[in-house]
Asker: 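Here it is: the structure, laid out below.
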Amino acid sequence: MLDPSPEDNGIAPTVSTPDFVGRAREMAALRGALARPPAIVLVEGEAGIGKSRLLREWLAASERRSALVSVCPPLRESLTLGPIVDAFRGIDHPVSRLPLSALAGALRPLFPEWSADLPPALPPLDDAKAARHRLFRALDELLRALRVDVLVLEDAHWADEMTLEFLLFVTSRQQTDGPSLVVSYRPEEVDDGSLLLRLTSRLPAGVTQLRIALAPMRPDDTAALVSSMLDRNPISQEFATFLHERTGGLPLALEESVRLMYDRADLVFRDGQWVRLKLRELRVPPTVRDSTRERVGRLSPPAQQVLRAAATLAERSSVAAIAVTAGLSPAECRGAITEAADAGVLDADDRGEWRFRHVLAATAVYEAIPLTDRRHFHLLAGRALEHVHPPPVARLAHHFRAAGETPSWARYAEQGAELAVASGDHTKAVDMLVELLSWAVLPPPDRARVARIAAVAALGRREPVDQVHHRVIRTLRAVLETPGLSARQQAEIRNPLGRLLITAGEAQAALSELEQAVANLDHDPVEAARAMTYLGWAYAGPWPASTHRRWLDRAAELTTEFASPAERLNLAGNRAAALLMLGEEEAWDVVAGLPVDGATSAERLDVARIHANVGTGAVIWGRYADADTHLAVAMHLAETEQASRLQLNVRLEQANLAWLTGRWEGLAEQSAALADADRDRPAHYLGSIRLAARLAAAAGRRRAAEEQFRLVLEESARLGAADDTMEAAAALARLWLTDGNSGRALQVTNEPMDTVRRKGIWIWATDLVPAQIEAHLAQGDLRTATRLGDQLARGLRGRTAPAPRAALAVCRALLLAASGDHARAATAFDRAARAWSALPRPYDAMLARERQAEALIAHGQVEQGRELLAAQYEHLFRLGARGDADRIAQRLREHGAEVPRLWRGGRRGYGDQLSPRELDVVQLVVAGKTNREISRILAKSPATVDQQLRAAMRKLKVTSRTALAVKAVEAGVFAEEDSLDVPS
C-alpha cells in the first residue's frame, strides 16, 4: 500500500481488454479433442471463470471449420429450442440452395421467415414424442446440410429441456458422423433433475470425449492478466497479491476490479510498474464490491431492499421469504425482484426461488449493510424461514445467531446437529454445537446437554484427528469448568471426553476423565459399562493388570441389563480386545465367535473397530495369521463405511505386521505416507515413526534410527502411553549395546521394565526383556539377568503367546552363553530361531541364527559356525537389513572367513533414487545442518558427506544446498525435523 508522493509520474493507465492468459493447457486440450471428430467437449466452471472467453478464442483461431454457436439466455422461462433456433437464424447460407429433403418441412413452425425456401409443411402427428423426434431429425438434417463441424452451446445450465433433448439426440447419432458438440455450463446451476446431467454423465462410446473444468487463475496468471490490461507494463507483487486474494483468481472479478480502480484513479505507475494507490478518503474495495454497489445504487429503494434481503438469506429463497426479510408486501417484492433480475443481479430457478447470479455480488451487498441493520435483517430472515416446511434448521441457526437471538439459535443448532448426525455428517453437527458453546451464554443445564451431544457427535466422526477434534476437546474441558453443573452432567461430558482423549493420544488424561465419569453414570448402565471397558484397557495409568481386570469384570456384570444385542456385542468385543492386551487367554474364546459384518452402518463400524483392536492384540501375542485375518475384516468394513481414521489405524497395524513377517518391500514409503496422513493424532504419528525407525536401524542408518526411537519413547512417555514405550526403549538399548554402552542401555529400559512389573503384563516385554538381560550380562550381572528371565517365564505361564515365548527362548540362550555353556547355548539359539520362524518372524530368526553361529564358533565348531554366519549375512542382506549384514561381514572377517560377494547396490541399485545413506544426508540438509554437523551426527568423514551430498544433488538435478532442500521436500523426502535436535 502506497501513499501519493512527488515521485509519482502521473501517468494514467490505458485499460484494455485483457489478454487470453492462463488457459494454454485447456486450449490445447480443446483443439486436440475437436481435431478428432466426432467429439463431445464439456466446459464447466462458475460464473466469470472464463468459459465464454475460452470458446471465443478457439472460434477466432479455428481454421477450415464451420461452427454454429448457440447461447442460452438467463430467461425465467426458457423458450422451447430457443437457443438452437437463434443460432440457425444467424447463418448466411441461402436455405433454398441447401440439399434438404421433405423432412425439413417440419422446420416451418420454428422458422416462419424461411417459409418460401423450405419444403411443404408435414401433416401433424398425434403422438407428441413422434413429432418431437421428427423435428429433431429435421434439425439434424439442417446441421448436416450446412456442413456444420461443431455445434457450440453456451450456458447450457439455462437451456430448456427440449434444447437439452436435442443435444442428447445429436450425441446419439455421433457414432458414425455428425457435428462435434461443445457445451459450456455452470455445474452449480444445474438442477438435480436436469437433462444436462444425463448428457454429462452418459457420454456415448466411440467418440472423442473431453471434460474441461476451468479453475481460478494462479497468482502468476493473475499478474499477467492485469498487466495486459495496463499497457502490458508489469504490476507490483503487492498489487498482484492483493488482487488475487480479493478475487480468488476469478477472471471476471479481476477485470472488473481493475476497471473500477481505473475509474477511481487508484492506479499509479511508479518505478517501472503499476502499483495500487491507497487513497486516504477511499479504501480500495475487495473484488467487485464497489462496482456492485454502484450498480445496486441505480436501482429503486424497494429493489435495493430486496437485494439486501437476498444477500442476508444467502441461498435460493422464495418471494415470500424475501418479502418478509425485506419488510415489503408480496406485490412490492415481486416488482422489486423483477427490477433486480432485469438488471442482471438476481436469477431464479424453475421453482421460482431467487438468489444473486454471483456470490461475489451477494457478498458485496451484504458487506454494505450497516452492522446495526444486519441483526434486524437476520431476525426477519429467521422468522421468514420458520414458515418453510421442512424448516431449514441450519440456516435458521445461522440467522438467529447473527440476530443475537440465543434461545432460537440454540434450539435450531441442536435440531440441525441432530439432522446432520442422522445424515452421517458428524463434522457439521460438531461445528454447529461447538460454535454455540463457544459464543452463546446458556444456562448450565442447557450448556451441559449441548456439550454432551457435541461430544457424542465427535465420537461418530470418521475423519482423521484434526483441528475439529482438538477444538471439541478444548470446548468440553471449558464446559466442565462451568459453575453449577451437577455430578451427573459432568459425568455425561467426561465419559465421551475420555474417549476423545484416547483417540487424540492423551492416554493418562483419558483415564482420569473416565474414572471420574464412572462414579456418576449409574443412571445409564450402557455408558457406565462402556467407560469401565475403556478403563480396562491397560495402555496407561499406574494400575496393575488386576485393577484393569476388575473394571472389565464390572462392565461384564452390567451387560445383563442390556436389551440391545448390538450393545452386548460392542461391550463383549471390546472387553475381549482389552483382555488380549492384559494377556488373558480366555479372550480368544470370545474372539472366535465375533461376527464379521453388521446389519447397520453403526454396527459395521463397531465390528470393524473390534476386529482392528483384536488384530492389534494378536500382533502383540505373536499370532500373526489371526492378526492378518482380523485386520482384513476391519479394513473391509472400514472401507465400506468410508471411515478414514479407522482405515489409517488398520493400515498402520498391517504395516507393523508386514515388518514382523519380513515383507519389507515398500514399507519405508508406506511409513512416510502414514505419518503424513494423520500428524495430529500422536499415537498414529508415533507409530509411523517407529516403523520408519525399525527400517532405519536394520539398514544401518544408525543416527536416524536413534533419533526417531528417542522421539517415540519421549512422546509416548509424556502422553502416558505406557505400552508404546516398550519397543522404543528396547531398540535404543540394542543400539547402545552395539557401542558397548550397557549402562545407557539399562537406564533406558529400567522405567519400561518397572511398568511391566508393576502392571504384571509380561506379553508386552517381547523386545524389552532380552535387551535388558543382554545389558545386565554386558555388565557381568548374571544373577540379575537370570532373575529377570525367571520373571518372564512366570509371567508367561499358561499363555499361548508365541512371540513372547520365542523371546523367552532367546533369553534362556543368552543366559547359557553367558555362563560359558556354548554347546547348550547353540542348541537354545537354534530353538529360539525355530520359534521365531514358526510365527513367522524371519528377521528375529536370522538374528538368533547369528548368535547360534557365534556359540558354535565359541564351542570350537568354527567351520559350521562360519557357514551359518555366511548364510545369515546373505539372508539379512536380501531382506534389506544391510546394517546387520555389514556387522556379520565384519565378524566373518574376524573369524578368518571370506565374505560372500553380493551386489552392494550403488547407482545400479538406486538409479536416480537416493540411496539410504544419501537420504540420511539430505534429511539433515533439509533440517538445516551444516556439512560439519552432518559429519558428526552420522559419524562419517567430511569427505564422505561431501561425496554423498554431491551425488544427491546430481540425482535431484540441482546445484546448491538450498535447491536440494527444496527439491527434496517437493519429492517427498521425509525430513525428520522433530527428531534431529542434536546437541552441539
Asker: Tell me whether the count of non-hydrogen atoms from other residues, nucleotides or ligands lying under 6.0 Å of CD in Gln890 goes above 12.
Answerer: yes
Asker: Can you list the steps and then say if Asp886 with Arg882 is a salt bridge (charged side-chain N to carboxylate O under 4.0 Å, His left out)?
Answerer: CA-CA 6 Å; Asp886 288 345; Arg882 302 293 176 87; over 6 Å; no
Asker: Would you indicate whether Glu586, at its atom CD, is surrounded by more than 12 heavy atoms from other residues, nucleotides or ligands within a distance under 6.0 Å?
Answerer: yes
Asker: Assess whether atom CD of Gln747 is packed by more than 12 heavy atoms of other residues, nucleotides or ligands within 6.0 Å.
Answerer: no
Asker: Answer yes or no: does atom CZ of Arg702 have more than 12 heavy-atom neighbours from other residues, nucleotides or ligands under 6.0 Å?
Answerer: yes
Asker: Find the distance between CH2 (Trp664) and CG (Leu695) and round it off to the nearest 0.5 Å.
Answerer: 6.5 Å
Asker: Tell me whether the guanidinium CZ or amine NZ of Arg623 lies under 6.0 angstrom from the six-membered ring centre of Trp588 and within 45° of its axis.
Answerer: yes
Asker: Is it the case that Arg891 and Tyr873 place a side-chain donor and acceptor less than 3.5 Å from each other?
Answerer: no
Asker: Where is the tightest heavy-atom contact between Gly662 and Leu879, given as atom of each residue plus distance?
Answerer: O-CD1, 3.5 Å
Asker: Please determine if Glu714 and Arg718 form a salt bridge, counting it only when a charged side-chain N lies under 4.0 Å from a carboxylate O.
Answerer: no
Asker: Are any side-chain N or O atoms of Arg841 and backbone N or O atoms of Leu660, one a donor and one an acceptor, separated by less than 3.5 Å?
Answerer: no
Asker: Report yes or no: is the cationic atom of Arg690 (NZ for Lys, CZ for Arg) closer than 6.0 Å to the six-membered ring centre of Phe709, at no more than 45° off its axis?
Answerer: no
Asker: Mark yes when over 12 heavy atoms from residues, nucleotides or ligands other than Glu894 sit less than 6.0 Å from its CD; otherwise mark no.
Answerer: yes
